[in-house]
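Both counts, for ligands and for their atoms, begin at 1 and track the order of listing.
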Amino acid sequence: MSSQSKYPTSLFSSNLTFTGENENSGVLAIAGCSGEKLVKEFGSPLFVIDQADFFLRAKSWRQVLDTSFGGGQLYYAAKSFICVEVAKWLKELKLGLDVCSAGELAVALAADFPASDIEFHGNNKSESEITTAIKAGVGTIVIDSFDEITRVSDIAKSLNKTQKVYLRLTPGIDAHTHEFISTAHEDVKFGFSIASGAANEAIKKCMEQSSLNLTGIHCHIGSQIFEVDGFKAAAQRLVAVLATFRDKYSKELPELNIGGGYGIAYTKDESAISPDVVIPAIASVIKAECAKAKLALPRISIEPGRAIVGPTTTTLYLVGTTKSVKLDNGSERRYISVDGGMSENIRPALYGAVYSAFLANRTSTAKLISSRVVGKHCETGDILISDINLPSDIKAGDLLAIPATGAYGRSMASNYNHISRPAVITVINGTARVILRRENEQDLLNLDVDQPPRQIS
Ligand code: LLP
């Protein structure tokens with residue numbers, strides 16, 4: 001279905017070219033910049049964002065939202081990947097921004113991103129985060145718990161402000177994705193359950209707070225979802241809550257946020273769920289349910305992260321070592337070690353996520369053999385790709401490219417083994433520039449301090 005979309009659904013960024021006689025190897029260029037030259041110039045591993053592709057994807061989602069709902073708001077999910085430059089792009093695109101920590105908020109504010117277009121998420125925002133957000137003039141705080149209703153209300157009161165808020169609801173949907181990124185069934189830490197009555201109780205409590213202006217409800221059913229049914233069912237249950245609200249308070253909540261979670265391709269056998277498939281499907285449910293309940297169509301917002309930034313980025317690695325092992329069944333497995341690993345891409349180790357890779361500096365016609373791409377961390381589970389067929393002549397010094405690594409790669413990166421986090425560069429029209437520099441050893445050492453003990457007891 002999504003292959004008929006006019007929007008890109010493959011795993012490659014739009015301006016990635018790969019010249020070779022087969023699909024497992026070739027000379028890679030992104031926006032006209034050769035992969036090999038990029039690594040020579042900026043080092044490896046390297047996250048390479050195809051900037052024009054980022055704009056294309058962001059605009060696609062925005063456009064489909066407009067055509068499906070006649071407006072609304074797109075809050076880009078900063079957790080998928082954010083830095084000051086990307087926040088500037090989002091500002092230029094006139095999009096909103098979903099942040100979930102003081103750190104993400106600080107990046108947005110450093111980019112002069114308009115606070116009124118920011119929504120603040122999180123199941124356990126600290127008092128200091130709430131205070132900072134309200135003082136900064138954040139547009140919407142998405143309240144996640146009963147404790148937080150009181151907390152946000154008290155802080156807003158103390159600052160003499162009325163804060164616009166949404167309530168995050170769990171519609172009881174079992175989204176078909178990895179357990180750790182499924183968020184809307186009953187047994188999760190997020191939000192107020194609709195089924196248990198907690199949602200209506202939270203609405204009541206919110207309505208009693210003079211410093212809170214409840215304008216809408218929110219749900220996010222999970223991440224990396226390909227089926228539209230979960231989104232549709234969630235939308236239907238949220239509209240039912242809007243109707244109950246209207247019946248009780250004789251006025252309507254004007255806004256409805258249906259979250260993010262739209263799946264992308266990580267291998268060539270997958271294709272992304274495209275905006276023009278999923279958003280109109282959700283729109284038709286919301287419109288029908290609103291008409292049935294005689295509700296005005298609320299202002300709809302969505303929060304895609306992965307679907308915008310994920311496919312824009314390719315990670316380039318240099319191969320350092322290779323070795324072959326004999327398996328119990330008599331077959332061979334070849335290990336290809338690259339100069340990064342689980343510290344800049346934890347997703348395979350954490351979720352069993354599957355990626356694809358290509359030899360990116362030359363064409364090889366060597367036979368394809370069963371290979372495992374691993375990192376340089378001191379851990380057996382430091383596997384980037386567990387099993388992939390790659391040319392048998394891959395050797396130290398070769399360049400390996402892993403596409404679709406823009407989301408939850410750099411943003412979840414760690415310094416495990418005191419390895420510094422890679423640089424992120426953007427390429428466009430044959431030019432490249434660094435937007436997040438590579439960490440160096442001094443960055444890592446900067447946190448070590450030598451202080452005298454302080455009396456505490
Ligand atoms: N809105 C809310 C409230 C969220 O919690 C998330 C993701 C999003 C939007 C964006 O979801 P997206 O469109 O990017 O799927 N680290 C995991 C994904 C965790 C997602 C957490 N929340 C992964 O690497 O797959």
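- Those atoms of ligand 1 with a heavy atom of Arg168 less than 4.0 angstrom away are 3 (C).
- Phe358 and Phe18 have perpendicular rings, their planes meeting at more than 60° on a 0 to 90° scale where under 30° would count as parallel.
- At least one N/O-N/O distance between Tyr408 and ligand 1 falls below 3.5 Å.
- By the 30° and 60° cut-offs, the orientation of the rings of Tyr355 relative to Tyr266 is perpendicular.
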Test salt bridge (Lys or Arg N to Asp or Glu O under 4.0 Å) on Lys204 and Glu208 and set out the steps.
-> CA-CA 6 Å; Lys204 180 167 175 285; Glu208 290 163 3; 3.3 Å; yes

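- In this structure, a donor-acceptor pair under 3.5 Å is present between the side chains of Tyr317 and Glu344.
- Using a 4.0 Å cut-off to heavy atoms of Pro304, the atoms of ligand 1 that qualify are 13 (O).
- Proximity of the aromatic rings of Phe81 and Phe54 is defined here by a centroid distance below 6.0 angstrom, and this criterion is not met.
- Ligand-side atoms of ligand 1 in range of Gly260: 9 (C), 13 (O), range being under 4.0 angstrom from any heavy atom.
- Distances from atom 23 (C) of ligand 1 to the heavy atoms of Arg347, Glu303, His218, Gln224 put Arg347 nearest.
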Evaluate side chain to side chain contact (heavy atoms under 4.5 Å, CB included) for Ile203 paired with Met207, printing each intermediate quantity in order.
-> CA-CA 6 Å; Ile203 288 174; Met207 294 296 286; 4.1 Å; yes

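- Ring centroid separation for the pair His121 and His220 does not come in under the 6.0 Å cut-off.
- In terms of N/O distances under 3.5 Å, ligand 1 is approached by Gly305.
- Only side-chain heavy atoms of Asp98 come within less than 4.0 Å of ligand 1; its backbone N, CA, C and O stay farther off.
- Between Gly261 and ligand 1, at least one pair of N/O atoms sits closer than 3.5 Å.
- Near His121, meaning under 4.0 Å from any of its heavy atoms, are these atoms of ligand 1: 3 (C).
- Within the 4.0 Å heavy-atom criterion, both parts of Ser223, backbone and side chain, lie near ligand 1.
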